[in-house]
Amino acid sequence: MGGSDGILGNRDIERSKATIGSNSTRRKWLKRRETWLVVLGVILHAVYMLSIFDIYFKTPIVHGMDPVTPRFNAPAKRLVLLVADGLRADKFFEPDSEGNYRAPFLRSIIKGKGRWGVSHARPPTESRPGHVALIAGFYEDPSAVTKGWKANPVEFDSVFNRSHHTFAFGSPDIVPIFCGAVPHSTWNTYPHEYEDFATDASFLDEWSFDQFQSLLNRSNEDSKLKELLLQDNLVIFLHLLGCDSNGHAHRPFSSIYLNNVKVVDSIAERVYHMVEDHFKDNRTAYIFTADHGMSDKGSHGDGHPSNTDTPLVAWGAGVKNPKPISGTNHSHCNFRFVDEHIHDAPTPVEWGLNEIERVDVNQADIAPLMSTLVGLPCPVNSVGSLPLDYINMTEMEEVEAVVSNTKQVLNQFLRKSYIKQSNSLYFKPFKQLANYSAVLDQIERLISFRNYEAAMKLSENLRSLALQGLHYFQTYDWLMLMTIITLGYIGWMIYLFVHVLQSYTSMPGNISRKEQAARQRSYTGKINLCGCLFMGALSILLFLEHSPPLYHAYTTMTVFLWTRIINEYWSIRALWIYLRGRKFNYIIKLVVTSAVALFILELLVNSFTDRKLYTWCFLITGAIASLYLLKSIPWRSGIPIFVCIACWFLSIFTLMPAQIPDNNQLVIASGAMIILIGLVARWLDLHAEGNKFWLSISNHGVKRPKFPMLFHLQALLVGLSSVMVSLSTSHRTEKQELLALHQLINWAIAGFSMVLPLFSANGLLSRLTSIFLGFAPPFLLLSIGYEAVFYGALALVLMAWILFENTVLYLSKVKKPSSSIKIVEDHLTLDHDTRCLQLSDVRIPLIFMVLFNVAFFGTGNFASIASFEISSVYRFITVFSPFLMAALLVFKLFIPFLLVICAFSSITKLHQIPRLGCYFLVISFSDVMTIHFFFLVRNTGSWMEIGNSISHFGIVSAQVVFVLLLFALTNVYTKDIKCDSALESSQKAM
């Protein structure tokens, strides 16, 4: 045991001879087990990947609630809702450069006859969820991810549904969502072709106004239409898209966008005067607001104040008049809105409204406000709270309005509670609302006693508890599902680790194989039976609770894995006994290795959101590795300096912008750099004869290559591809087309160069150099900027890794005694060409994971717009062909991965360690990251933030398949690489 750091130590020599003798049987058993594990891993990760949709993306909408009929007289007969899509609060309220305000009419309303504030939208700040919050009273349905965020997958109630009739005019993307299935609605939209970013889109707002004006004009001649317009509970909705389109096309600081603010103010004024002149009854309520704002870049979606802060102005029937500001106006000093902004945020001085009370609301609060103004039941799916500071009612009517709002939210809670209780064998109620009926009775008593203040406080408290109860039942199954999935991932990692210990390491001899096998047989049957019974019991339980089919899959997979782990009790027990018998310094080494591995994995997790971590990683790694090599190499060598420079050079790229700027000169210069790197590698390969250090990676002792001029041909192709980069780009820029001859040459160079490495010498250095040169032409032809330099920098770091591993291997051979028995003891063979994994070998899969992720993020992100810059493919194709273009872009992204996998495979051959054993370690380590990303999945925030959290989880989960496919692909190039390793030397000695 003395000199080895094998994960579980060494078997005795006799057993190793017996094992070598039965290699054929062992290889068959191992191949079957490896195939089984790969299939199990693919199924497990596919099933568990779906769990996030059952946990995070379940719809909050329930059906079956009765609307709550209001018990007060409607202050208004009709409501006019004006929504200026994409209008920022600051651009609406602030003056222009000349000191004139852009919305003079609405400012006069704020100062003379209405209420105002900021409506706080919740991310994602997009048009559909913003309008759903305004009109239906709830925020983005997370299950909309299944529809690509383009529609609400579950039917919902809205103010329009509850109205007697709704008239709506505006965008074809918004109006049909709310009116398409409402029979009592009259609506119209302009064609999609009108939404042209090249023009001033304010004419779209005028179109909506013209439609409404035409409607009122027609009513003078159409008696049925006139009768319809005179009905109570009428809603008029004008969707004004101009600000959104102009903000996207021209940015919110442009004169076109700012002028559009004046246009919507003018439309609000004309609508107001037109309605008042038409109806002449002062029974119309008006609400002017926006669905979201607009960032300085002309986009929206996230939680920045420029996107979440929108103007709100209400006036007309049932709305309070302006109120001078005072120190006692606001009472909820610690309250936060859905966009995390604090209540009582100071009003900017430049708005000129500091002397008038500002009443901010959550966007979903506008739905119950509109319902109350026209005496409608609140939408049954609404989670908004009625903002009383806007309502002009008697104290009794205010209390009745709040009670209606509370009962509507409470009905949702009761429905969710009933559904969950009816499907649960063991139901855990929301205890805070166990006595809700008594609270409702108490509120009614207080109202009857005219104690309105107490009734109001009790109602608001009950509404707050009901909202908490809704969240409780929305997340009711989270603990159970997260526990099952987490246990499943942990079980999978333990099962993989046990397999690695049994199949690729030297297990301890504390328990003889025969004794262990006998115990295992009697033990396994009982455990499998218990596992099946437990699995069956859980399935029956889930069936009785009417759980979705995937719940059965999650529990079955987890129980199966832990049954397999318990079956390995004797192996785990042997490991424990072995560890207890080891010296304390070995335990310390094991703990330190585990801590370093965990630190690296957490660094990789955080690198998904902060690429700059790789810069620090390679700066520190380059310094540490070079110092280690300086100390370890007994002769003067340039390797430590090379390793340091290579790591530091690569560290630059994660500081570069994610959006790659065009730079053809850099691409052409990269071709020269790639040829230079190839020449240096070729020179080392040819002039290392007689140096034992280079023996393992050079091609000396390997049969002579069939094509001695292959290197020169590959270098020529790299140079030619650089020339074609210049020619193709310049001609396409000048003539706006790609010559067919250039296109043909580019395809020929790319295709031919990738085949050539198969004919290179099979020494490690010569084959890897050939692969590097072989994939350089297609990568250069697909590059537009600094990513071409990244290709060479990554190759230098991979070369540095190989030199580092070769140094470790060489020093281990130098330090070992010459006795062949000692060599076999230290390098115990699993097969004729592999040795057992040792604890120190853990660094190889860890370094691989770091480099694999650097290939992922080195020039942006595998899933980012930068990586998919469409101009990358223009040297191969210019006619739009989505599938071919996508294939070329994905292939470009795969090339750095292929280099990393080839280097990794070569290092496993260099050290003579089992590659599949390292693959299973990579999967185990990546699943530590998977668990972390599982808990980082988001169902709130911008669609990009939600999508990124899903893609991060999915990308790491898919590595079990992704890495395996790349292994299979690169095996074509690396399978016949030959290394003069320590193991071969030992076998010759024996």
Side-chain angles (χ1 to χ4, degrees), residues 600 603-626 641-678 718 722 725 772 775-776 778-802 804 846-869 871-872 889-904 948 952 955:
I600 291 172
L603 180 106
L604 292 178
V605 167
N606 287 284
S607 71
F608 274 69
T609 52
D610 186 6
R611 293 168 59 224
K612 293 177 183 177
L613 286 173
Y614 288 114
T615 298
W616 290 105
C617 175
F618 279 97
L619 287 174
I620 294 168
T621 301
I624 293 173
S626 60
I641 297 170
F642 169 73
V643 169
C644 186
I645 291 173
C647 289
W648 286 6
F649 183 34
L650 188 64
S651 71
I652 298 169
F653 290 90
T654 44
L655 296 174
M656 299 271 192
Q659 294 182 341
I660 303 172
D662 286 6
N663 192 332
N664 283 309
Q665 286 72 27
L666 198 58
V667 177
I668 295 164
S670 300
M673 184 185 79
I674 288 167
I675 294 172
L676 182 62
I677 293 170
V718 174
S722 297
V725 164
F772 166 65
F775 282 96
F779 195 83
L780 287 173
L781 289 168
L782 286 166
S783 296
I784 60 170
Y786 72 79
E787 79 270 39
V789 186
F790 171 78
Y791 181 82
L794 181 65
L796 289 174
V797 168
L798 293 174
M799 189 65 228
W801 184 25
I802 290 168
F804 179 86
L846 283 173
I847 294 172
F848 165 75
M849 288 187 70
V850 172
L851 291 172
F852 196 78
N853 279 274
V854 167
F856 202 82
F857 289 107
T859 56
N861 186 337
F862 189 84
S864 75
I865 295 170
S867 299
F868 287 89
E869 177 61 53
S871 60
S872 298
L889 290 169
V890 170
F891 175 67
K892 173 193 173 184
L893 298 173
F894 267 46
I895 290 175
F897 295 131
L898 295 175
L899 286 189
V900 176
I901 295 271
C902 287
F904 176 69
N948 280 345
H952 292 165
I955 286 165

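Nothing fancy with the numbering, it's 1 onward along the sequence.
Going from atom CE of Met849 over to atom CG of Leu604 covers 6.0 Å, rounded to the nearest 0.5 Å. Within the model, atoms CD1 of Ile784 and NZ of Lys892 stand 5.5 Å from one another, a figure rounded to the nearest 0.5 Å. Rounding to the nearest 0.5 angstrom, the gap separating the CD1 atom in Ile675 from the OG atom in Ser670 is 11.0 Å. Within the model, atoms CG of Leu603 and SG of Cys617 stand 5.5 Å from one another, a figure rounded to the nearest 0.5 Å. If you take CG on Leu899 and CE on Met799, they are separated by 13.0 Å, rounding to the nearest 0.5 Å. In this structure, CD1 on Ile668 lies 7.0 Å from OG on Ser722, to the nearest 0.5 angstrom.
Side-chain N or O atoms of Tyr791 include one that pairs as donor or acceptor with a backbone N or O of Phe772 at under 3.5 Å. Proximity of a side-chain donor or acceptor of Thr654 to a complementary backbone N or O of Lys612 within less than 3.5 Å is not detected. The backbone N or O of Asn606 lies less than 3.5 Å from no partner atom in the side chain of Asp610, so there is not a single donor-acceptor pair. Looking only at distances, no side-chain donor or acceptor of Gln665 sits under 3.5 Å from a matching main-chain atom of Asn663. A distance-only check finds no donor-acceptor pair linking the side chain of Arg611 to the backbone of Val854 [under 3.5 Å].
The two residues Val643 and Ala625 make their nearest non-hydrogen contact at CG1-CB, 3.9 Å. Nearest heavy-atom pair, Gly792 versus Ile677, reported as atom, atom and distance to 0.1 Å: O-CD1, 3.8 Å. Annotation for Thr609 and His952: closest pair CG2-CE1, 4.3 Å, computed over non-hydrogen atoms. Considering all non-hydrogen atoms of both residues, Leu613 and Ser607 come closest at CD1-N, 3.7 Å. In terms of heavy-atom proximity, Ala776 sits nearest to Ile674 at CB-CG2, 3.8 Å. Counting all heavy atoms, side chain and backbone alike, Leu666 lies closest to Gly785 at CD2-C, 4.2 Å.
With Phe897 as reference, Phe852 is the one residue of Phe779, Phe904, Phe891, Phe852 to meet the ring-ring contact (aromatic ring centres under 6.0 Å, His included) rule. Evaluated for a side-chain contact (heavy atoms from CB on, under 4.5 Å) with Phe649, the options Val797, Leu794, Leu796 yield exactly one hit, Leu796.
Heavy-atom contacts from other residues, nucleotides or ligands closer than 6.0 Å to CD1 of Ile641 number 12 or fewer.
The side-chain heavy atoms of Val850 and Phe618, taken from C-beta on, include a pair separated by under 4.5 Å. Counting only heavy atoms from C-beta outward, the side chains of Leu851 and Leu798 approach each other to under 4.5 Å. The shortest distance between side-chain heavy atoms of Phe608 and Asn948 does not fall below 4.5 Å.
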Next item on the list: Might you work through the side chain to side chain contact (heavy atoms under 4.5 Å, CB included) test for Val725 and Leu781, ending with a clear yes or no?
Entry: CA-CA 6 Å; Val725 164; Leu781 289 168; 4.0 Å; yes
Checklist line | Criterion side chain to side chain contact (heavy atoms under 4.5 Å, CB included) on Tyr614 and Asn853, from CA distance to verdict | finding: CA-CA 9 Å; Tyr614 288 114; Asn853 279 274; 3.0 Å; yes
Margin query: Under the criterion side chain to side chain contact (heavy atoms under 4.5 Å, CB included), I'd like the reasoning laid out for Phe790 against Leu650: C-alpha separation, chi angles, the key distance, then a yes or no.
Written below: CA-CA 7 Å; Phe790 171 78; Leu650 188 64; 3.6 Å; yes
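Under the rule for a side chain to side chain contact (heavy atoms under 4.5 Å, CB included), the partners of Leu898 that lie at least two apart in sequence or sit in another chain are Phe775, Leu966, Leu969, Thr970.
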